Amino acid sequence: MLGVYQRIYTLVMGVPRGKVATYGQIAKLAGCSARQAGYAMAVAPTDTVPWHRVINSRGQISIRSDGLIDAEQQRLLDNEGIQFDSKGRVDLIRFQWQGPDQSWWADQMLDPPLI
DNA sequence: TAAATGACTAACA
DNA sequence: GTGTTAGCCATTT
């Protein structure tokens with residue numbers, strides 16, 4: 001079933017290596033709530049969507065409902081040059097993705113959010 | 001058809 | 001800094 005999630009995945013695939021996005025940021029771009037962004041990552045096709053580049057608004061990796069911190073996510077980000085402070089937080093000022101430009105939306109055949 | 005479920009967030013105390 | 005609360009809404013059951 002194709003839904004808003006497909007739009008979310010397309011957006012996340014636009015996040016470049018070495019940058020991160022927040023759930024709220026993706027949600028705003030996709031035109032849905034932050035919860036949807038979170039749930040979309042939970043069921044994302046991990047082979048095509050860089051799910052690890054999506055973190056929460058505090059710059060931290062979110063803990064999943066099973067209570068486990070996803071260590072692989074931090075490893076993948078570290079591999080891309082994302083730096084974590086002593087409390088496991090990413091400096092969003094330095095590493096947050098600034099969002100797609102106008103031509104990107106056209107390339108993806110999507111409409112920008114109304115905001 | 002109705003209820004439950006979240007990898008969330010902003011705004012408070 | 002730490003809670004708590006309300007809002008969120010597509011998807012799943």
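No experiment lies behind these values; they were computed from the predicted model shown. In what follows, chains are A, B, ... by sequence order, proteins preceding strands, each numbered from 1.
- Between the OH atom of A/Tyr23 and the P atom of C/dC9 there is a distance of 18 Å, given to the nearest Å.
- Regarding A/Asn56, its CG atom lies at a distance of 13 Å from the C1' atom of B/dA10, rounded to whole Å.
- Heavy-atom nearest nucleotides on DNA chain C were determined for A/Ser33 and for A/Val43, and the one closer to the 5' end corresponds to A/Ser33.
- If you take CG on A/Asn79 and CZ on A/Arg17, they are separated by 7.0 Å, rounding to the nearest 0.5 Å.
- As a whole-Å value, the separation of A/Ile8 CD1 from C/dA10 P is 10 Å.
- For the residue pair A/Glu80 and A/His52, a side-chain donor N or O sits within less than 3.5 Å of a side-chain acceptor on the partner.
- Distance CG (A/Leu76) to C1' (B/dA7): 15 Å, rounded to an integer number of Å.
- A/Val15 and A/Met13 fall within a single hydrophobic cluster, where Ile, Leu, Val, Met, Phe, Trp and Tyr are joined by side-chain heavy atoms under 4.5 Å apart, directly or via other members.
- Looking at heavy-atom distances under 4.0 Å, A/Ala42 makes contact with a base.
- For A/Val4, whose side chain is taken as the heavy atoms from C-beta onward, the closest listed nucleotide among C/dA10, B/dA7, B/dT9 is C/dA10.
- No donor-acceptor contact under 3.5 Å links the side chain of A/Tyr39 to the base of B/dA7.
- A/Ile63 places its CD1 atom 13 Å from the P atom of B/dT9, with the value rounded to the nearest Å.
- Each of A/Arg89 and A/Gln36 lies near DNA chain C, and the nucleotide nearest A/Arg89 is the one positioned closer to the 5' end.
- A straight line from CD of A/Glu72 to P of B/dA7 spans 17 Å, rounded to a whole angstrom.
- Across the protein-nucleic acid pair, A/Tyr5 atom OH and C/dC8 atom C1' stand 12 Å apart, rounded to whole Å.
- Protein atom CZ of A/Arg58 is 12 Å distant from nucleotide atom C1' of C/dG3, rounded to whole Å.
- Two residues are said to be in side-chain contact when any heavy atoms from C-beta on lie closer than 4.5 Å; A/Trp97 and A/Arg53 fail this criterion.
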